[in-house]
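Just below is one structure, and these are the notes that go with it.
Sequence lines set the chain letters: A, B, ... in the order given, protein chains first and strands last, and positions in each chain run from 1. Every heavy atom of this structure was used, including side-chain atoms; hydrogens, water molecules and symmetry mates were not.
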Protein chains: 2
Amino acid sequence: MRENTIERGSGVALWRQIADRIRLGIADGSLAVDGKLLPETRLAAMFGANRHTVRSAIAALEQEGVVQAKQGRGTFIRRTRRISYALGSRTRFSSNLEGQAKEVLSTLLKADTIKADASFAEVLGISLGAPLIRLDILGQADGQSVSCATHWFDGERFKDFESHYAQTRSITATLRHYGISDYVRRQTSVTARHAEGEVLSQLGLAPGAIVLVAKAINETPDSIAFQLSETLFPADRVELTVNRYPK
Amino acid sequence: MRENTIERGSGVALWRQIADRIRLGIADGSLAVDGKLLPETRLAAMFGANRHTVRSAIAALEQEGVVQAKQGRGTFIRRTRRISYALGSRTRFSSNLEGQAKEVLSTLLKADTIKADASFAEVLGISLGAPLIRLDILGQADGQSVSCATHWFDGERFKDFESHYAQTRSITATLRHYGISDYVRRQTSVTARHAEGEVLSQLGLAPGAIVLVAKAINETPDSIAFQLSETLFPADRVELTVNRYPK
DNA sequence: ATCCATTTGTCCGTATGTATG
DNA sequence: TCATACATACGGACAAATGGA
């Protein structure tokens, strides 16, 4: 659908660019023939690179669990489709992935209380330095990490949020405990960057992988913002969708 | 807001990772003090890297036009905020950027007719191999490239689309000529990857830059899909937003 | 059972890019 | 600017495994 060129000598290693391209080529089927990747020599010719370089790319993909090479037989594809995550007014993690994965799991990675800085305070309508609850939650679908989210809540309004969350393992249920029976997403903004730091291991990504970054504001039906969040999605495993009629 | 770590030996050169981080740091203000970037030694300490490496990163950003280093004075920031592009039912390029840029420009890069493959044919309800009009359009705001879109239309329904577009320079106006006075976006899916090939020069990006990829389906009010598009946005210049009430 | 083409795996050496001090 | 260490990329040669003729 787009170009064939690979850019050399500048920041991103050839093998990594090729790995990205192969991952895409597997997804849209252009580089795969019945469950098998095209041979290394073919790929090398297509990308205008040395076979060794292609091998490095394949080794990285093997590390990620995308493919598995077998001597004398070829390189077999292990995982293919991308999960769709819908961005809408009623965005909820687990219900969002229903039908796409058999098993959907949320794990609390970290919970603590920090002080609100200016930008948080303004959006949430609290004072500068007021307590702010921060939760880090890992989302998995069928044993594969698909998201890593940080959520922020007003620490005074939601006292002991962590303990309620620990019991229910659901943000929606915990909010209900505080009298919020319904909420909607005021805004989501999306951008992308390289994954870095601890999220690499949390999401099981190879260094240099790209993550989608979705920042969201949730509000009650009377338009009071009560939650901010920043969620990272591995760009090769997840696509975000915006549909005509948000449920 | 997130980690400080930089990953070495991993496909993406340190200087490029640092350049990406500095670009972000400029956008959110965390690495800039009144129009100036923090000194190289400070940055080197923050990233746990050598000053030479930070200098390489800054040189790349200078090449991109993001900053300008002046001997003895510091490194000055030339461009800063990210443009917000709203994804909604009524997504139109130029009206979308109103208020964010003084000058919004669309340039036709290429127009041709190809044959529909299976996936295009199915969504557009045309037959396999039927003519498909393809337009490549560059979007600029205040002299800066912000998007590079490929649009596909049914070649039989929209005969001579290119020439009408050339006159009006507007897809909305051209569609009106074919009796489509209104249309909405059925779906947008978003993912991200490294920019590659000719879009690098079209968008004025450094190799290795990340682009958001938005694939969209537009339909008439009676739910007939008539247009597919794939738009690339430089992730460091644009954020995509989804709002509560799509206009 | 043997040969052959295909395909991945391993080893050598060399040149250039990246990162540090 | 220099020196050093390691990562990246290339080229060639050959070994090892596979499956079909």
Can a donor-acceptor pair be found, under 3.5 Å and without considering hydrogens, that links the side chain of [X] to the backbone of [Y]?
{"X": "B:Ser56", "Y": "B:His52", "result": "yes"}
{"X": "B:Glu62", "Y": "B:Ala69", "result": "yes"}
{"X": "A:Thr191", "Y": "B:Ala235", "result": "yes"}
{"X": "B:Asp136", "Y": "B:Lys110", "result": "no"}

If I take atom [atom1] in residue [X] and atom [atom2] in nucleotide [N], what distance separates them, rounded to the nearest angstrom?
{"X": "B:Leu43", "N": "C:dA19", "atom1": "CG", "atom2": "P", "result": "16 Å"}
{"X": "A:Arg55", "N": "D:dG12", "atom1": "CZ", "atom2": "P", "result": "17 Å"}
{"X": "A:Ile58", "N": "C:dT7", "atom1": "CD1", "atom2": "C1'", "result": "11 Å"}
{"X": "B:Leu14", "N": "D:dA7", "atom1": "CG", "atom2": "C1'", "result": "11 Å"}
{"X": "A:Glu62", "N": "C:dT8", "atom1": "CD", "atom2": "C1'", "result": "10 Å"}
{"X": "B:Phe47", "N": "C:dT20", "atom1": "CZ", "atom2": "P", "result": "12 Å"}

Candidate nucleotides C:dT18, C:dT20, C:dT8, ranked by approach to the side chain of B:Trp15 - the nearest: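 Of the options given, the side chain of B:Trp15 lies nearest C:dT18.
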Sugar-phosphate, base or nothing in reach of A:Ser56, heavy atoms under 4.0 Å: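 Here A:Ser56 touches no strand at all.
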Any side-chain donor near an acceptor of the partner, B:Gln227 and B:His151, under 3.5 Å: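 Yes, B:His151 and B:Gln227 have a side-chain donor paired with an acceptor closer than 3.5 Å.
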Short side-chain donor-acceptor distance under 3.5 Å, B:Glu230 and B:Thr150: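 Absent: no donor and acceptor within the cut-off.
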Test side-chain contact (heavy atoms from CB on, under 4.5 Å) applied to B:Thr107 and B:Gln140, step by step: CA-CA 8 Å; B:Thr107 314; B:Gln140 292 174 298; 4.0 Å; yes
CA sep, side-chain torsions, deciding dist, call: A:Tyr85, A:Glu239, side-chain contact (heavy atoms from CB on, under 4.5 Å): CA-CA 6 Å; A:Tyr85 192 91; A:Glu239 63 176 10; over 6 Å; no
Phosphate-side-chain proximity, B:Asn50 and C:dG21, N/O vs OP1/OP2 below 4.0 Å: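 Yes, within the criterion.
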DNA chain C-proximal residues of residues 30-41 of chain A, any heavy atom under 4.0 Å: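 Listed by number, they are A:Pro39, A:Glu40.
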Greater than 12 external heavy atoms within 6.0 Å of A:Gln63's CD: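 For A:Gln63, atom CD is not crowded (no more than 12 foreign heavy atoms under 6.0 Å).
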Per-nucleotide protein contact string for nucleotides 13-21 of chain D (B base, S sugar-phosphate only, - none; heavy atom under 4.0 Å): B--BBSS--
